[in-house]
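A quick write-up on the structure given underneath.
Since the model is a prediction, treat every value here as computed from it, not as a measurement. Numbers here simply count residues along the sequence, with the first being 1.
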Amino acid sequence: MPSPPHPNADISDSTRSRTSRRRDRRRPADKPCADLALQCRREHGEHLMGRVEGKVAFITGAARGQGRNHAVRLAEEGADIIAVDLCQQVESAPYPLSTQSDLADTAKQIEALGRRAATFQADVRDEDALAEAARQGIAEIGPIDIVIPNAGVALFNVDEPRSAWQDTIDINLTGVFHTLQATVPAMVERGAGGSVVLISSTAGLRGILGTSRAALGYVASKHALVGLMRSYANEVAAHSIRVNSIHPTGVETPMITAASMAAFLEHNPHLGSHIANPMPVDLLDVQDVSNAVLYLCSDEGRYITGTTLTVDAGFVNKV
């Protein structure tokens with residue numbers, strides 16, 4: 001889950017419009033030549049081995065946003081997907097969360113690529129429910145090679161409830177712990193290696209966003225993911241399982257472009273100077289993060305473990 005964007009990114013419709021126009025200009029004219037060649041070969045019916053061909057990925061928060069895009073990107077490269085999402089509202093969330101229809105749409109997009117999708121409605125705060133989703137997914141799709149604990153919330157709101165802290169910790173941190181508990185032991189027992197990619201944030205590496213309950217819960221949970229990642233990386237390295245975390249700056253997803261986020265930033269203008277990106281981009285395209293996920297999950301990243309990979313337009317490095 002990303003950190004909130006540059007404060008000007010969501011405050012005005014005109015800025016969102018500029019972001020959309022910039023994204024539209026990138027596609028398809030600026031699509032990399034390799035991608036165009038790959039598309040052409042696929043259109044002519046040529047079978048190509050994908051970068052994660054035949055792998056099975058377990059992804060939480062997969063109904064929309066980053067989770068859906070990670071699932072589709074891996075499916076494009078040959079993976080089958082076990083997709084998990086809550087698909088109902090959390091009381092403290094000031095923006096609409098995903099629905100069962102969203103999760104079904106994710107499955108359709110995966111299946112349209114010729115890959116298999118098993119979907120499960122489960123709450124990452126419920127360890128037993130998540131473990132059952134993993135068991136059923138393995139029975140339906142096959143043993144898990146890739147784990148992406150992506151589910152998370154950003155409960156920033158001008159009038160936040162007292163539960164904003166605990167709900168954030170329960171979902172963003174404990175939910176990731178539950179995901180790892182539900183999947184990694186079977187990967188170790190199987191003995192075939194694998195890759196685990198925790199979706200953290202630039203807020204997992206910097207003390208930003210102020211001292212509201214939601215902000216502190218967000219920053220604390222995203223920092224804690226680094227500790228989980230490093231401990232797991234040390235524990236399972238001997239089993240050829242890599243564990244890394246990705247730290248995006250603001251990403252254009254429904255969570256970040258929510259009206260509540262814009263209102264929060266308008267109400268706290270002092271946060272603007274220390275959450276702006278050095279590079280001239282307000283919000284990353286979700287594909288930028290998914291490409292990093294794919295890299296860590298593929299053989300190209302086979303000896304990368306215990307790392308914090310930033311996809312942040314220079315955010316963490318800035319003075």
Side-chain angles (χ1 to χ4, degrees), residues 1-5 59-67 84-99 120-134 147-183 198-232 245-248 250-251 253-265 267-268 271 275:
M1 306 296 287
S3 60
I59 304 175
T60 64
R64 69 177 191 189
Q66 282 198 54
V84 179
D85 209 298
L86 175 61
C87 299
Q88 65 185 42
Q89 198 64 22
V90 173
E91 186 176 354
S92 58
Y95 56 93
L97 301 184
S98 61
T99 65
F120 300 94
Q121 185 177 351
D123 189 339
V124 295
R125 295 171 294 183
D126 185 337
E127 187 170 3
D128 292 338
L130 201 58
E132 183 60 25
V147 179
I148 304 173
N150 170 82
V153 291
L155 305 179
F156 300 87
N157 200 7
V158 174
D159 298 313
E160 63 177 4
R162 290 178 61 87
S163 60
W165 160 272
Q166 194 61 55
D167 287 346
T168 301
I169 295 296
D170 289 347
I171 295 169
N172 291 12
L173 174 56
T174 305
V176 172
F177 169 73
H178 289 163
T179 303
L180 298 176
Q181 290 289 296
T183 55
L198 279 61
I199 308 301
S200 183
S201 164
T202 50
L205 299 172
R206 296 285 296 271
I208 56 175
L209 305 173
T211 57
S212 69
R213 289 173 178 267
L216 290 173
Y218 192 86
V219 171
S221 64
K222 293 301 186 180
H223 269 76
L225 293 187
V226 176
L228 275 182
M229 177 272 290
R230 288 173 172 159
S231 294
Y232 264 94
S245 56
I246 288 182
H247 300 261
V251 182
T253 64
M255 184 181 82
I256 296 302
T257 60
S260 55
M261 182 68 76
F264 175 82
L265 293 171
H267 190 72
N268 297 278
L271 298 178
I275 63 171

Let me confirm one number: the [atom1]-[atom2] distance from [X] to [Y], rounded to the nearest 0.5 Å.
X	Y	atom1	atom2	result
Ser200	Asn172	OG	CG	9.0 Å
Leu97	Met255	CG	CE	10.5 Å
Ile171	Leu173	CD1	CG	11.5 Å
His178	Asp170	NE2	CG	8.5 Å

Quick check: closest heavy atoms across [X] and [Y], and the distance to 0.1 Å?
X	Y	value
Leu209	Phe264	O-CZ, 4.1 Å
Leu180	Pro149	CD2-CG, 4.1 Å
Ala215	Gly210	CB-O, 3.8 Å
Thr168	Val153	CA-CG2, 4.2 Å
His223	Arg206	CE1-O, 3.4 Å
Ala182	Ala131	CB-CA, 3.8 Å

Leu216: side-chain contact (heavy atoms from CB on, under 4.5 Å) partners, not counting sequence neighbours: Trp165, Thr211

Sequence-distant partners of Asp167, side-chain contact (heavy atoms from CB on, under 4.5 Å), two or more places apart: Val90, Ser92, Arg125, Leu155, Ser163

May I ask you to decide if [Y]'s main-chain N or O and [X]'s side chain share a donor-acceptor pair within less than 3.5 Å?
X	Y	value
Ser231	Leu228	no
Glu160	Ala214	yes
Gln66	Ala151	no
Thr202	His247	no
Asn150	Ile59	no
Asp85	Ala62	yes
Tyr95	Met261	no

With Leu225, the side-chain contact (heavy atoms from CB on, under 4.5 Å) member among Ile246, Leu198, Ile199: Leu198

Listed partners of Asn157 passing side chain to side chain donor-acceptor pair (under 3.5 Å), at least two apart: none

Pair Thr179-Leu130, side chain to side chain contact (heavy atoms under 4.5 Å, CB included): steps then yes or no: CA-CA 7 Å; Thr179 303; Leu130 201 58; 3.3 Å; yes

